[in-house]
Amino acid sequence: MKTIWNHRSGLIEFSEQPEPFVQSSDEVKIKVIYSTIGIQDLRLKRQWDFYSKEGVAGYEMAGVITGVGSLAQNHGWQIGQAVSGTVVQFCGKCQACKQHQEQNCLQLRVKSGTLCPYIVWKDDQLVHLPTNISFAAGCLLEPVAVVKMAYNKLHVNDADRICILGGDFNGLVLLQLIKLYTQAFVVIVENKAKNKMLAQKFGADQIIDPLDTNFETELLKLSDFIGFNKTVLTTSKYPELISTMINSTARGGLFLTTVYFDQQQQIAINSIKFFAMNLTIMSSFLYTKKLLQNTATLLSQLDLKSLICREFSFSAALTAYSIEQKRLYPRIGIKVNDPDLLAYDE
């Protein structure tokens, strides 16, 4: 079968690979209907990078089950079910997994990518998609779960004044979640035209373009010169923005990052200032299995269609990658297979 292959060098090209098949009782074969690409798909192969890998490209998918192992069948999986899931396979054996805190798993692995006609995953990587969810929206289950985990850590309330630096996919989904559940005041810092338009659509109270203004001064003004009680960094382009966001956080406030940088990158903050400001600093980039499952019912409450700004056929996937290099859109959709042309394994 033809796949999109990610080489160690970062080269992306079509590659002919054997079609996978179910080899163990807990495996499920899926015909991939829809996949998406974003900034994370442009990473080179680096030993320390969680998502960076050589092999079949892609991290997000929605599809239909075409083959089921006996144990997976006993767990309720059936041919013809619409599913999404995660490329992450948690070990299930470490202390974190035993305590249902899989986001802290010590031995997690990233499995086969999704930009190919068929994949075979373990059944515990899958989530059943509700019938009212399209394949395009269902494809975004995993990244929405990432943001929902961050939202839960923020403990947002109506009185919060929040600054999100990065109106990309994570920032825009977080904005939607905040506005869905609370009346919090939210400022988005973003320079891309499409993302700014979407931030306005999703209810941002203020949008600051860092290229047009001295945005650090603007942030101080918008926070009455005391800082925001919650700040979030969702873009990994400039490591120095960590300090910017910490400096924009009010006394007793919380700074959260959903991105990480080079292994050598250090987070520097004056220790006395950190102590005197009584700050909380945390990260969030994964989810628990339970939260991943629960996110499936949340998808219908979000505008995910607007976040897939361009769409291509599988045969034009390399064009999609060349466009993603410009980093203009939250997500680009790839129609991998026609959902009306399904063939099931015996």
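Between the side chain of Ser84 and the main chain of Gly138, a donor-acceptor pair closer than 3.5 Å is present. Between the side chain of Asn157 and the main chain of Ala159, a donor-acceptor pair closer than 3.5 Å is present. Under the 3.5 Å distance criterion, the side-chain polar atoms of Ser306 are left unmatched by any main-chain donor or acceptor of Asp303. When atom types are taken as modelled, the side chain of Thr234 and the backbone of Gly166 share a donor-acceptor pair closer than 3.5 angstrom. One N or O on the side chain of Glu27 and one on the backbone of Ser24 form a donor-acceptor pair closer than 3.5 Å. Side-chain N or O atoms of Lys230 include one that pairs as donor or acceptor with a backbone N or O of Leu154 at under 3.5 Å. Side-chain atoms of Glu102 never come within 3.5 Å of backbone atoms of Thr288 as a donor-acceptor pair (strictly under, hydrogens ignored). Distance alone, capped at 3.5 Å, places no donor-acceptor pair between the Thr249 side chain and the Phe228 backbone. Looking at Gln99, its side chain never comes within 3.5 Å of a backbone N or O of Gln101 through a donor-acceptor pair. Asn337 places a side-chain N or O within donor-acceptor distance of the main-chain N or O of Pro117, the cut-off being under 3.5 Å.
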Problem - Candidate pair Val189 and Cys163, rule side chain to side chain contact (heavy atoms under 4.5 Å, CB included), full reasoning - result: CA-CA 8 Å; Val189 179; Cys163 178; 4.0 Å; yes
Practice task
Output, in order, the C-alpha distance, side-chain angles, deciding distance and verdict of salt bridge (Lys or Arg N to Asp or Glu O under 4.0 Å) for Lys29 and Glu19.
Solution key: CA-CA 10 Å; Lys29 183 174 180 178; Glu19 183 176 319; 2.6 Å; yes
Practice task
Please report the C-alpha distance between Tyr118 and Phe21 in whole Å, then the side-chain angles of each, then the deciding distance to 0.1 Å, and finally whether the ring-ring contact (aromatic ring centres under 6.0 Å, His included) criterion is met.
Solution key: CA-CA 9 Å; Tyr118 291 94; Phe21 58 92; over 10 Å; no
Exercise for the section: Apply side chain to side chain donor-acceptor pair (under 3.5 Å) to the pair Asp209 and Asn191, showing each step before the final yes or no. Expected result: CA-CA 5 Å; Asp209 189 331; Asn191 68 288; 5.3 Å; no
Practice task
For side chain to side chain contact (heavy atoms under 4.5 Å, CB included), just list the numbers for Leu256 and Ser284, CA-CA rounded to whole Å, side-chain angles, deciding distance to a tenth of an Å, and then say yes or no.
Solution key: CA-CA 7 Å; Leu256 183 144; Ser284 182; 4.2 Å; yes
Exercise for the section: Go through Thr114 and Ser35 one step at a time and tell me if the side chain to side chain donor-acceptor pair (under 3.5 Å) criterion holds. Expected result: CA-CA 7 Å; Thr114 59; Ser35 187; 3.1 Å; yes
Exercise for the section: Give the intermediate values and the outcome of side chain to side chain contact (heavy atoms under 4.5 Å, CB included) for residues Leu302 and Val144. Expected result: CA-CA 10 Å; Leu302 303 173; Val144 172; 3.9 Å; yes
Practice task
Report the C-alpha distance between Trp121 and Val28 in whole Å, list the side-chain angles of each, state the deciding distance to 0.1 Å, and finish with yes or no for side chain to side chain contact (heavy atoms under 4.5 Å, CB included).
Solution key: CA-CA 6 Å; Trp121 282 359; Val28 175; 5.9 Å; no
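Contact check for Thr280 versus Met282: side-chain heavy atoms found under the 4.5 Å cut-off. Contact of the Thr86 side chain with the Tyr287 side chain is registered, since non-hydrogen atoms from C-beta on lie closer than 4.5 Å. Counting heavy atoms from C-beta outward, Leu307 and Leu172 have side chains that approach closer than 4.5 Å. Residues Leu291 and Lys148 form a side-chain contact, since some pair of their non-hydrogen atoms from C-beta on lies under 4.5 Å apart.
Shortest non-hydrogen contact noted between Ala137 and Leu299 is O-CD1, 3.9 Å. Contact record, His155 with Asp160: O-OD2, 3.9 Å, taken as the closest heavy-atom pair.
Taking OG1 of Thr257 as the start and CE of Met245 as the end, the distance is 9.5 Å to the nearest 0.5 Å. One finds the CG atom of Leu126 at 9.0 Å from the CD atom of Gln293 (value rounded to the nearest 0.5 Å).
Asn247 meets the side-chain hydrogen bond (donor to acceptor under 3.5 Å, both in side chains) test with Lys273; sequence neighbours excluded. Residues that satisfy the side-chain contact (heavy atoms from CB on, under 4.5 Å) test with His75, not counting sequence neighbours, are Leu71, Trp77, Asp123.
Connection of Phe285 to Ile164 is established within a shared hydrophobic cluster, with ILVMFWY side chains joined at heavy-atom distances below 4.5 Å, either directly or through further cluster members. Under the 4.5 Å side-chain heavy-atom criterion for Ile, Leu, Val, Met, Phe, Trp and Tyr, Phe255 and Leu220 are members of distinct hydrophobic clusters. The cluster map of Ile, Leu, Val, Met, Phe, Trp and Tyr, joined by side-chain heavy atoms under 4.5 Å apart, puts Ile226 and Leu222 in different clusters. Under a hydrophobic-cluster definition in which Ile, Leu, Val, Met, Phe, Trp and Tyr are linked whenever side-chain heavy atoms come within less than 4.5 Å, directly or via other members, Met1 and Val120 are assigned to different clusters.
For Lys194 and Asp168, the salt-bridge test fails: no basic side-chain N is under 4.0 Å from an acidic carboxylate O. Lys2 has no carboxylate O lying under 4.0 Å from a charged side-chain N of Glu16, or vice versa, which leaves the two without a salt bridge. Salt-bridge formation is not detected for the pair Arg310/Glu324: no Lys NZ or Arg NE/NH1/NH2 atom is positioned less than 4.0 Å from an Asp or Glu carboxylate oxygen.
Between the side chains of Glu60 and Thr36, a donor-acceptor pair is found at a separation under 3.5 Å. Remark: the Lys290 side chain and the Asn294 side chain contain no N/O donor-acceptor pair separated by less than 3.5 Å. Between the side chains of Glu311 and Tyr34, at least one donor N or O lies within less than 3.5 Å of an accepting N or O.
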